[in-house]
Amino acid sequence: MKWLFKSEPETFSIFDLKKSPGGKNYWDGVRNYQARNFLRDSVKVGDGVLFYHSNTEPIGIAGEALVVKSGYPDPTQFDRKSQYYDEKATPQKPIWYVVDVKFIRACHEVISLRKLEKISALKNMVVLKRGVRLSIQPVTESEWTAITKLPEWR
DNA sequence: GCCAACGTTGGC
DNA sequence: GCCAACGTTGGC
């Protein structure tokens, strides 16, 4: 499957992923049950990820990543010093999950929200729907194709 | 199990 | 920084 992962670049950007050892990192800090369920149950090795920068300028798709490890417990939920610590979670009964992603490429230019809105093939895309805050979203094959052929990748 | 109050997300 | 829309919490 294909996915869109949202991140605030001030917290973790496509360039932070690129700089990570081997271009790989785990996608931590998801604390929403619907997004958690996707990470735990549906995101699989080999799946493609559109890396979306939110709450920034410019807002939009900033790159592509690849899932290299499927869901496992988010280590930050057990770390008292982490902002993502959850006192209700135990290693026996984890609550939150991560997957590992690997950097594939960054857009030469961010594909802006304004631009995405103008592409008719994307009119039902989850990220463009009003009020949707979900940070892990499924992307259809046709949406993936329409986005990955845009000139901003070159 | 309802729902008001509260906290968070994220575009603007 | 604002605030609408949403998700979560907790009293009842």
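Throughout, a chain's letter reflects where its sequence line sits, starting with A, and its residues are numbered from 1.
- Note: CD (Gln83(A)) to P (dT8(B)) measures 11 Å, nearest angstrom.
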Enumerate the protein-to-nucleotides 9-12 of chain B contacts in which both atoms are nitrogen or oxygen and the separation is below 3.5 Å.
{"from": "dG10(B)", "atom 1": "OP1", "to": "Lys6(A)", "atom 2": "NZ", "distance (Å)": "2.8"}
{"from": "dG10(B)", "atom 1": "OP1", "to": "Arg133(A)", "atom 2": "O", "distance (Å)": "2.4"}
{"from": "dG10(B)", "atom 1": "N7", "to": "Asn55(A)", "atom 2": "ND2", "distance (Å)": "3.0"}
{"from": "dG11(B)", "atom 1": "OP1", "to": "Tyr52(A)", "atom 2": "OH", "distance (Å)": "2.8"}
{"from": "dG11(B)", "atom 1": "OP2", "to": "Asn55(A)", "atom 2": "N", "distance (Å)": "3.0"}
{"from": "dC12(B)", "atom 1": "OP1", "to": "Arg114(A)", "atom 2": "NH2", "distance (Å)": "3.0"}
{"from": "dC12(B)", "atom 1": "OP2", "to": "Arg114(A)", "atom 2": "NH1", "distance (Å)": "3.0"}
{"from": "dC12(B)", "atom 1": "OP2", "to": "Arg114(A)", "atom 2": "NH2", "distance (Å)": "2.9"}

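- Looking at Trp153(A), its side chain does come within 3.5 Å of a backbone N or O of Ile147(A) through a donor-acceptor pair.
- Using the six-membered ring where Trp is involved, Trp27(A) and Phe12(A) have ring planes that are perpendicular, over 60° apart on the 30 and 60° scheme.
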Given ring-ring contact (aromatic ring centres under 6.0 Å, His included), test Tyr33(A) with Trp96(A) step by step and report yes or no.
CA-CA 8 Å; Tyr33(A) 288 104; Trp96(A) 307 110; 4.9 Å; yes
Does the side chain to side chain contact (heavy atoms under 4.5 Å, CB included) test come out yes or no for Asn32(A) and Arg133(A), once each step is laid out?
CA-CA 10 Å; Asn32(A) 165 283; Arg133(A) 312 190 312 197; 6.0 Å; no
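- Residue pairs meeting the side-chain hydrogen bond (donor to acceptor under 3.5 Å, both in side chains) criterion with at least one partner in residues 55-69 of chain A, sequence neighbours excluded, are Glu8(A)-Asn55(A), Glu64(A)-Arg105(A).
- The stretch residues 28-37 of chain A touches DNA chain C through Asn32(A), Tyr33(A), each having a heavy atom within less than 4.0 Å of the strand.
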Does Asp74(A) form a salt bridge (Lys or Arg N to Asp or Glu O under 4.0 Å) with Arg36(A)? I'd like the steps, not just the answer.
CA-CA 10 Å; Asp74(A) 183 342; Arg36(A) 186 280 310 268; over 6 Å; no
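- Cys107(A) is not listed as a side-chain neighbour of Phe51(A), based on a closest heavy-atom distance of 4.5 Å or more.
- Contact annotation: the side chain of Ser20(A) never approaches that of Phe103(A) to less than 4.5 Å [non-hydrogen atoms, C-beta and beyond].
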